[in-house]
Amino acid sequence: PARHPVAVTSRFHRDAQTDNYLKRAPDMEQVVVGSSLKFCRIAEGAADVYPRLCPMFEWDIAAGHALIEAAGGR
């Protein structure tokens with residue numbers, strides 16, 4: 001790609017695992033956005049990954065997952 005990979009991250013749901021993941025990719029741009037906007041950014045192609053490695057429930061990501069799949073993502 002012509003740009004660095006972009007990770008959308010959470011303001012409030014950061015943990016040591018996520019921080020370590022991001023440290024292993026120093027060329028990855030980090031953009032802090034709230035709530036379901038992270039999934040929208042991925043669906044539109046403005047971001048590449050949402051690293052959230054802390055525990056979560058299915059209902060936390062179900063709508064965002066459906067949005068990304070509908071946009072052709074996986």
Side-chain angles (χ1 to χ4, degrees):
R3 62 177 173 79
H4 290 288
V6 176
V8 284
T9 61
S10 177
R11 233 176 243 115
F12 304 108
H13 297 105
R14 291 287 290 263
D15 64 345
Q17 284 182 295
T18 302
D19 288 336
N20 288 334
Y21 172 87
L22 292 167
K23 285 178 189 173
R24 289 192 309 265
D27 65 334
M28 188 173 298
E29 179 184 349
Q30 295 181 44
V31 178
V32 177
V33 293
S35 196
S36 62
L37 290 176
K38 289 182 271 299
F39 294 105
C40 294
R41 296 284 168 88
I42 292 171
E44 71 181 352
D48 303 295
V49 63
Y50 170 24
R52 183 165 174 192
L53 304 174
C54 61
M56 65 181 100
F57 296 101
E58 291 172 346
W59 53 83
D60 291 331
I61 61 166
H65 182 264
L67 179 69
I68 290 171
E69 281 195 340
R74 58 182 179 93

N/O donor-acceptor pair under 3.5 Å between H4 side chain and D27 backbone: yes

hydrophobic_cluster_shared for L37 and V32, side chain cutoff 4.5 Å: no

Residues forming a side-chain hydrogen bond (donor to acceptor under 3.5 Å, both in side chains) with T9, sequence neighbours excluded: none

Residue pairs, two or more places apart or on separate chains, that pass salt bridge (charged side-chain N to carboxylate O under 4.0 Å, His left out) and touch residues 4-14: R14-D19

Residue pairs, two or more places apart or on separate chains, that pass salt bridge (charged side-chain N to carboxylate O under 4.0 Å, His left out) and touch residues 50-62: none

Within residues 40-49 or reaching into it, pairs that qualify as salt bridge (charged side-chain N to carboxylate O under 4.0 Å, His left out) - sequence neighbours excluded: R3-D48, R41-E44

Cluster link F12 to I61, ILVMFWY, side chain under 4.5 Å: no

Output side-chain donor-acceptor pairs under 3.5 Å for residues 62-74, partner residues at least two apart or in another chain, one line each.
none

Members sharing Y21's hydrophobic cluster (side chains within less than 4.5 Å): L22, M28, V49, L53

Where at least one partner belongs to residues 30-39, residue pairs that pass salt bridge (charged side-chain N to carboxylate O under 4.0 Å, His left out), sequence neighbours excluded: none

Partner residues of F57 under the ring pair (Phe, Tyr, Trp, His ring centres under 6.0 Å) criterion, sequence neighbours left out: W59

Pairwise ring-ring contact (aromatic ring centres under 6.0 Å, His included) hits with a residue in residues 22-56, at least two apart: F39-Y50

